[in-house]
Each structure stands twice: as C-alpha cells, then as structure tokens.
2 protein chains.
Amino acid sequence: MQGNNHDDVRRHNLSIILRLVHRGGATSRAQLTRLTGLNRSTIGALVAELAEHGLVEERTPDPTKLAGRPSPIVAASGQVVAIAVNPEIDAITVGVVALSGEVYRTIRRATATSPTATEAVQLTASIVADLRREMSEYSIVGIGVAMPGLVRASDGLVRHAPHLGWVDEPFCDLLAAATGLPVVVANDASLGASAERYFGAGQGMTDLIYLNGGSSGIGGGLIVGGVVAGGRAGYAGEFGHTRVSSSSRTDSAGIAGTLEAEVTRDALLEVLGLRGSETDADALERALLASDSPIVHAEVARQLDFLAVALASAVNVLNPQLIVLGGFLAALHAADPDRLSRAVAARTLGAAFDEVQIAPALLGSNLLTVGAAELAFEALLLDPQEIVGNIAAQPVLGVRAAELVAATNLHDPHLPD
Amino acid sequence: MQGNNHDDVRRHNLSIILRLVHRGGATSRAQLTRLTGLNRSTIGALVAELAEHGLVEERTPDPTKLAGRPSPIVAASGQVVAIAVNPEIDAITVGVVALSGEVYRTIRRATATSPTATEAVQLTASIVADLRREMSEYSIVGIGVAMPGLVRASDGLVRHAPHLGWVDEPFCDLLAAATGLPVVVANDASLGASAERYFGAGQGMTDLIYLNGGSSGIGGGLIVGGVVAGGRAGYAGEFGHTRVSSSSRTDSAGIAGTLEAEVTRDALLEVLGLRGSETDADALERALLASDSPIVHAEVARQLDFLAVALASAVNVLNPQLIVLGGFLAALHAADPDRLSRAVAARTLGAAFDEVQIAPALLGSNLLTVGAAELAFEALLLDPQEIVGNIAAQPVLGVRAAELVAATNLHDPHLPD
DNA sequence: GTGATACGTTGCCAATGTCAACAAATCATG
DNA sequence: CATGATTTGTTGACATTGGCAACGTATCAC
C-alpha cells in the first residue's frame, strides 16, 4: 500500500519502455507511443534518457512502405549483459545474455563429483572472473542463478536441493561476496516457466503452467495473472509431488503414489532399451515415435494417464490458458498428444478446459540461461534509472574471488570463523 | 503495458487511501501519511477530495495520550453502499453493505423451486427496488453477485451453475438492465476467499487457499501473490474435482475419485444420524465433537485423509501461507485438527509446509454478503474519482424492473424476442 | 516538384506532490 | 495557569512531469 509520487511515474514509464524493447525486441518509437498510450514527446524524452544511460540504442528507421516520416527503431542494448548460472550434479553452466536477448556465451564446466555449495561458488566465481576480463567493455547488471531445488524467496537461501545434496546453503550471499555482483537465485523450473512465457511457447499469456521432466524428477512453475507465482516463501510449483495413484511407489521426497513416482524418464528408457546418459530429450522423442512395441505404447499410455491426473487437478484449480511441457514430458506428450488431451478433458470441468492448450516447450538448451538472465535483469527492468548508476561503477574483483569465498561466511552462524 | 500519466498518480493515490480506510477501518490522517509514504499536505488534499465526494468522513480526533496535535480520523462513509446478491436453490439472499464495512441488511427471500435465471433476476430486482425506496438517502455503487457456479470473468456470463441448473445465462447483463445498476458477478467461493482475506482469517496474507464445503459440493478460491487468482477465464479454484482416490465414486461433474466425491457433508450426517435440512455447520461441528462413536471417528478420519491429499497437492503447487476451511470442512477439521495437519505434512515437502497454517473461516453467515459487496466496491476502490460521479446521478428505476427484464434479452441470441 | 501522411521536436501549460515555514492542539512540568 | 516540547494540519512557493499544439522533417504517390 504505497503512494505514488512524481518519481514513481517516471520510474514506471522508463520501466515499461525498457521492458517492451527487451521482451518484444526492437520497436519503433511510434509503436511505443501506441503501446504505452503516452505522448510522442514523452516517449522521445524517455527513450533519450534510456539511450543516455546506455540501456537502449536508437537505430535508423527500417525501410517501410508507408507514407510519413519513418520512426527510429529502439532496441535494447547489446552492451548490457546478465550472467546466468545453473549448477547441476555433474557440471556448472554459466551463460552471458544481453539485454537485447541475445545469448552471447554458454560455458559448461564439468565437475568430477556433485559440487558442494562452496565448490560451486568458487568454480562459478572463477568462470565469472574470466568472463569479466574477456568482456570488459560490457556492463554486467548481475547474476541470476537457476537452482534445482527449493529457494527461499526472501533471501535466496537454498533450503533444499536434493539433486545436489544441499541443505540451507547461502549460495546467493556467498556468490555475491565472491564476485561483488548482485546475485539473485530462484527455482530452475520457475525460471523455465518465465522464460517460456516471455520468449517461448507462452508469449503474451497471463496464466500458464510449466512442467519439466528431468532425469531426477518433475519440477514446475506457474504464471498466475501475468506474474510468476512463487507462493509465500517461493517454493510454489512442485507439481511432481501431486498424488496421482494409490500405488506405494515413492518419489524423491519419499511420498507415495505421486506424479514423480509414476511418470519417470527411466521407465521410458527402460522399455525402449536405451541408456539415460546417451539419450537427450530429442532422442527420446524420436525413439518413442519410432517404436511400435506394444510394451512401449502401454508404458506411454500409463504415464500419460497419470500425467493427465495431475494436469487435470491443476487445470481445475488454476484454469490456465496454456500448459507447457518440457524435458521428457514433451517427448511423452508428442508420443500421443490426443490421449493426454482427452484424459485431461475427462477429468476437468468442461468450461475450465475449454481454451486450455497443451504445448511442448519451445526454448531448448537455452531455457534456463534465458530464465536466469531474466531474473538478473528484473531489478534493472523495474527501475532503470536507479540501477544504471551502479553497474558502471563496479570494480572487477575477479582474481580475488577464491580468497573472498574463503574469508566470507555470510548469513551462516553455524560455520566456524 | 500501459504508461502512467499525471491523472494515474492522483487516481492511484485516491484509490490507496480509500482502500486503506475501507479495509483497515477508521484511520487517522497521520497514520495514512505513514502508511502511504506521502506528504502530510498531499494526504490532506486527497482526503479532502474524498470527503467532498462523500466517500469518507472526517471525525474529530480520538482522545490520545500522546503529545502533539491530534490527527483527524478518516473513516469510510456509511452512506455509500453496495448490494450483495446470492442466488441459491431455495432462496435468494440480498444484502446491503456500507463502504464502512457495516452490514446494514440481509434479506432472504425463499423460493418454492430452484429459480430460473429470469426468475432470479425478477425477484432480485424487486427486492432491490424496495431497498432503493427505503434507503433513498444512500448512494448505491452497484451490485455484486456471488454465484454458485462457473462465471466467465470477461463478461460475467454464468457458464454453468449445476446447483441452480443454469447454463450460459447472462444473469449479469439481465440484472443490470433490470435495475439500472452496475452488476458484477463472480464465483461464490472466490468471493469467500477474498472476504476471508480482507476481513476474516486471512487478514494481511498474500497467499492463501480457501475451501468451502457445502451441501452440494466443495468449492474454493485462491489468493496468489496478494490478488484473487481467477485464472484465464475466471474458473479457477475448483478444488472439489481434484483426484484423491482410485475409487469409482463420482462427483457432481461425473468425475471419479475426486475430493468432492469422497468428502461429503451427507456422509458425515449419515454416520451421525442427522438430517441435513436441520443441521447447519455449527451444529455439525458440535455433533462431531460430542460423538464418541467409532464409526463416526472412522468416517472423520477417512474424510480428513482424503482432504489432506488434495490440500497437500495444493500446498506443493501453491505454497500458501494459510488454508482457510469453511462450511462443513471447518467442522471436519475441528473434529481432529492434528490428524489433518499431520496427513498434509506427510505428503508435502518439508520446507513448503513449514509455515502453512490451517484455520477455520472466521466470517460466518455474512461471508458471501461481504465478499459480493467487496466485488461491487472494487470499481469504486480502483478509481474513486471516476465512479463517484455516476452513483449520485442514478435514477431510481425500481418499479419498472420487471418490465425491463421482460423487454431486454441482452447478449442472448437464443431467446425469442 | 507537389501534396499527403506520419512522425520527431520544441516551447508552453496544467496538474500534482514536495517542501519549508507557520499555526494549532495536545501533554508534561512547574 | 504559563511555558515548552511535540506532533500535526495548513498554506503558498516550487520543481517535475506529461500533455498539447504548432512547426519542422522525412517518406511515398503521382
């Protein structure tokens, strides 16, 4: 419940314009006036301010076939970048994404064992330090981390990442201390949801559900009323633990009969006679489509029916516009789209399922990179004027990263000093 | 993606202040400055404007024990009212609620049979006409309708109200035409959720789930990130059709093994040997608590465990702060609160259930009246300046209501003319 | 080249919130 | 009861911002 003053108006308008050119790509000033409803002169002034701060660039107009003075094209800057980090069991991926949306680099550094939080921080910080040296002419707004686990939204604490074996790790604060950059952490599937929403299958949608099937389970994220729904603490989106059967098969959290227990990539690989380590989602999909084994079909049908139970509940409760399926769930869906659709329809209220679409994720390997970068950009998009002052002033801490990690134990009273 | 201009600032600030005094009760101007962060002089001007329009009243300061000049108390007007309507199978309830929050009247008019939409419109319009004559010195901002069924948010069309046997009824438009007042319709359980959120068990909460158990099924509503989540079309909140068992028992929509099929008031009444028509929620709760029959306990346990399955899924997906149970579900919960809590905990991720509370609804018989009135007030709260001009200028159409209904068939090409 | 069209640019204006100075109302103290 | 401290309302000057209208400019069609 906060009041608005003058500054807020300016802030809001700058934010809106930067969002439009960031998410919608290069846009003419004339289009911006139409989209925002603001006056031509206002748009001119606002764009000039953004350009002055180096956040957008104005290009000469595209040749158009229309009469009238051509309007300059406003594009998000390619010089302003965010760093995306995704820790996994066997590797850490670091990406560099420009405000213009372009993914400049993705660096995947394999690890021998599943990294501890401190190891992950050190490795990430050293990659980031290298990147900063190489890309010294770019402005880095911050680091976004896609974490496979529950992340407390209030302070970025990694409550539980079963995949990595982390419990209550202040990864966010550690990485911030090690790099000197602002760091924001969120659940990977939630970031996948927002990436698909802004740049993938869900463009322009306000209510969507994203479900991702990985080798170790099923995660998800939701967009409700146009905003990413994190829930009270940020743990929302755990569709994998929805109960779908009365079997005693348990999932990674030890709960029986859940979606994650019944619908697994391993079971699909087994009936196909494939190895997980050699099979990505595309290969799995091809194999499923190519197979004419009745055993495979039966397993696909079994899993789809369980998936339908979970989706139906979600549709009844959330009435989304779109369900996006990623990872092996996309392959499963592709194997028999009609079956899934019919099974969901049978378990939902007619009206609620009316306009629901089920679609595969469009963003492939860049999904989490884009999503995590988006997270890092959020502060800038929210208040361009405020943030822009900081990003230029950041010293390159890079080399000292490892020392800093060792020296700093932020927010963790349990560690000895 | 809209730009902000000057008018929006004023509109927003007026809206904030009116919301604060409406939802939070009488508030001193000094408190308003602190809550909004606006300047003293600005608050003064804004409150004066609201007072001038008759939306708030300034009272002499409460005697306080603090030094300093006492600050005038700003209270929402008691002269500005909304009309709340709740059609049911056997009656129509019409309430009058002031902007101050006070419920002035509730009129329950029984019907011999379940009313058709047209009958419901006529009956409602005649009650409203009487009310307007009796309350001619009050300003009516509009009518809010709590509908037991799916309501399309975009135009208020009642898609399906199984209870009443309505399908695709333009109740909203018909009632608007019959009364000449603005009418807004929404699902009853969603309104219950927002009523509990603003004035009941969920005050100040941003993420809550509301589940209501009625004689004919289970409905619900959700608040996600501080806003009522309607989903794409407005059908969100149908928790009753979540699958909780593999039994073949079907619910009102014909879906098997759902919460609504397994958890029913009738089954509780049966083991208690009670009659539904004579037993309200309080009586049911007393009977459950008083009973020492093992059959009753077993049925309570059975139902609680199924309820836990549905709640657990919802907790995992939505990570709410609070679950509010109304109707017979409150009685069920009261009968064995620990069992429900433990059963939900067993099926949820530890972290996600950490801070979740389960509580009975606090608003009793006024729940839907308050919720529906809130819906009608929403337009005024959103833009006090704009709406206030209209409410004074409305002619009293009352007497001609029935004729208007007969003469107007809005948005319904299927009716003969 | 001329006109039509669409858009950027410029200077002026109105609306609004902030601020500082002052006035008013209360309590505590003697 | 007078005085001071404290808190808050009130008032008028002020800065910021977006809207607006007039004008300039760049393109297309003929």
Side-chain angles (χ1 to χ4, degrees), chain A residues 1-17 21 26-52 56-75 383-386, chain B residues 1-18 21 26-53 56-75 383-386:
Chain A
M1 285 295 204
Q2 284 224 343
N4 247 355
N5 52 25
H6 290 143
D7 302 349
D8 294 330
V9 178
R10 187 81 172 190
R11 196 195 329 277
H12 180 245
N13 287 341
L14 286 170
S15 168
I16 290 292
I17 293 178
V21 300
T27 312
S28 76
R29 260 159 69 177
Q31 280 175 289
L32 289 175
T33 58
R34 281 188 289 266
L35 289 168
T36 59
L38 295 172
N39 194 278
R40 287 205 298 255
S41 33
T42 308
I43 291 291
L46 292 170
V47 168
E49 182 167 344
L50 289 174
E52 192 181 323
V56 302
E57 284 150 10
E58 285 198 277
R59 294 202 307 255
T60 53
D62 287 336
T64 165
K65 289 291 155 205
L66 295 169
R69 178 175 178 174
S71 189
I73 304 295
V74 183
D383 190 353
Q385 220 169 4
E386 176 69 21
Chain B
M1 284 296 202
Q2 284 225 345
N4 246 358
N5 54 25
H6 287 143
D7 302 347
D8 294 331
V9 177
R10 188 77 173 197
R11 197 194 326 277
H12 179 244
N13 287 342
L14 286 170
S15 168
I16 291 290
I17 293 177
L18 193 56
V21 300
T27 312
S28 76
R29 261 158 70 176
Q31 280 176 288
L32 289 175
T33 57
R34 281 187 289 266
L35 289 168
T36 59
L38 295 171
N39 195 280
R40 288 205 297 258
S41 24
T42 309
I43 292 290
L46 292 170
V47 168
E49 183 166 344
L50 289 174
E52 191 181 323
H53 291 314
V56 303
E57 283 149 12
E58 284 196 279
R59 293 203 308 255
T60 53
D62 287 335
T64 164
K65 290 291 156 205
L66 295 168
R69 178 175 178 172
S71 190
I73 304 295
V74 182
D383 190 352
Q385 220 169 7
E386 176 69 22

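Remember, predicted model here, so these are calculated numbers, not experimental data. Letters go in sequence order (proteins before strands), and every chain restarts at 1.
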How long is the straight-line distance from CZ of Arg34(A) back to CZ of Arg29(A), given to the nearest 0.5 Å? 13.0 Å

Counting C-beta onward and ignoring hydrogens, is there a side-chain heavy-atom pair between Thr36(A) and Asn13(A) closer than 4.5 Å? no

Lys/Arg N to Asp/Glu carboxylate O, Glu49(B) vs Arg10(B), below 4.0 Å: yes

Give the rounded distance in Å between these two atoms: CG of Asn39(B) and P of dA21(C). 14 Å

Nearest-neighbour nucleotide for the Arg40(B) side chain, dG8(C), dT8(D), dT26(C) considered: dT8(D)

Gap between atoms CG and C1', on Leu38(B) and dC19(C) respectively (whole Å): 14 Å

Length of the CD-C1' vector between Glu58(B) and dG9(D), whole Å: 10 Å

To the side chain of Thr42(B), which of dT8(D), dT18(C), dG18(D) is closest? dT18(C)

With no angle test and no hydrogens, is the base of dC20(D) tied to the side chain of Ser41(A) by a donor-acceptor pair under 3.5 Å? yes

Side chain to side chain, Leu50(A) and Pro384(A), heavy atoms closer than 4.5 Å: yes

When all nucleic acid strands are considered with a 4.0 Å heavy-atom cut-off, which category describes Pro61(B): base, sugar-phosphate, or nothing? nothing

Atom CD1 of Ile43(B) to atom P of dT8(D): distance rounded to whole Å? 13 Å

Axis deviation across the helix from dG1(C)-dC30(D) to dG30(C)-dC1(D), five-pair ends, to the nearest 10°: 10°

Is Arg10(B) close enough to dG17(C) that one of its side-chain N or O atoms is under 4.0 Å from OP1 or OP2 there? yes

Any side-chain heavy atom of Asp8(A) within less than 4.5 Å of one from Val9(B)? no

In chain order, what residues pass the salt bridge (Lys or Arg N to Asp or Glu O under 4.0 Å) check against Glu57(B), with sequence neighbours excluded? none

Using OP1 and OP2 only, check whether a side-chain N or O of Arg69(A) sits under 4.0 Å from dG24(D). no

Determine whether Leu32(B) and Leu38(B) make a side-chain contact, defined as any pair of heavy atoms from C-beta on separated by less than 4.5 Å. no

Side-chain N,O (Asn13(B)) to OP1/OP2 (dT16(C)) below 4.0 Å: no

Whole angstrom is fine here: how far is it from CG in Leu32(B) over to P in dT8(D)? 12 Å

Could you tell me the separation between the CG atom of Asp8(A) and the P atom of dG17(C), rounded to a whole number of Å? 11 Å

Measuring from the side chain of Arg29(A) (C-beta onward, heavy atoms only), which nucleotide among dT11(D), dA24(C), dG8(C) has the closest atom? dG8(C)

Report the nucleotide, chosen from dC19(C), dG18(D), dT26(C), that has the shortest atom-to-atom distance to any side-chain atom of Ala67(B). dT26(C)

Distance below 4.0 Å between Ser71(B) side-chain N/O and dT8(D) OP1 or OP2: no

Where the side chain of Pro70(B) is concerned, which of dT8(D), dA25(C), dC28(D) is the nearest nucleotide? dA25(C)

Of Ala45(B) and Gly68(B), whose nearest nucleotide on DNA chain C comes first from the 5' end? Ala45(B)

Which nucleotide in dG9(D), dG18(D), dG17(C) has an atom nearest any side-chain atom of Pro72(B): dG9(D)

How long is the span from the CG atom in Leu35(B) to the OG atom in Ser28(B), to the nearest 0.5 Å? 8.5 Å

Is there a side-chain polar atom (N or O) of Arg11(A) under 4.0 Å from OP1 or OP2 of dT17(D)? no

Would you kindly give the CG-to-P distance between Leu14(B) and dA15(C), to the nearest whole Å? 15 Å

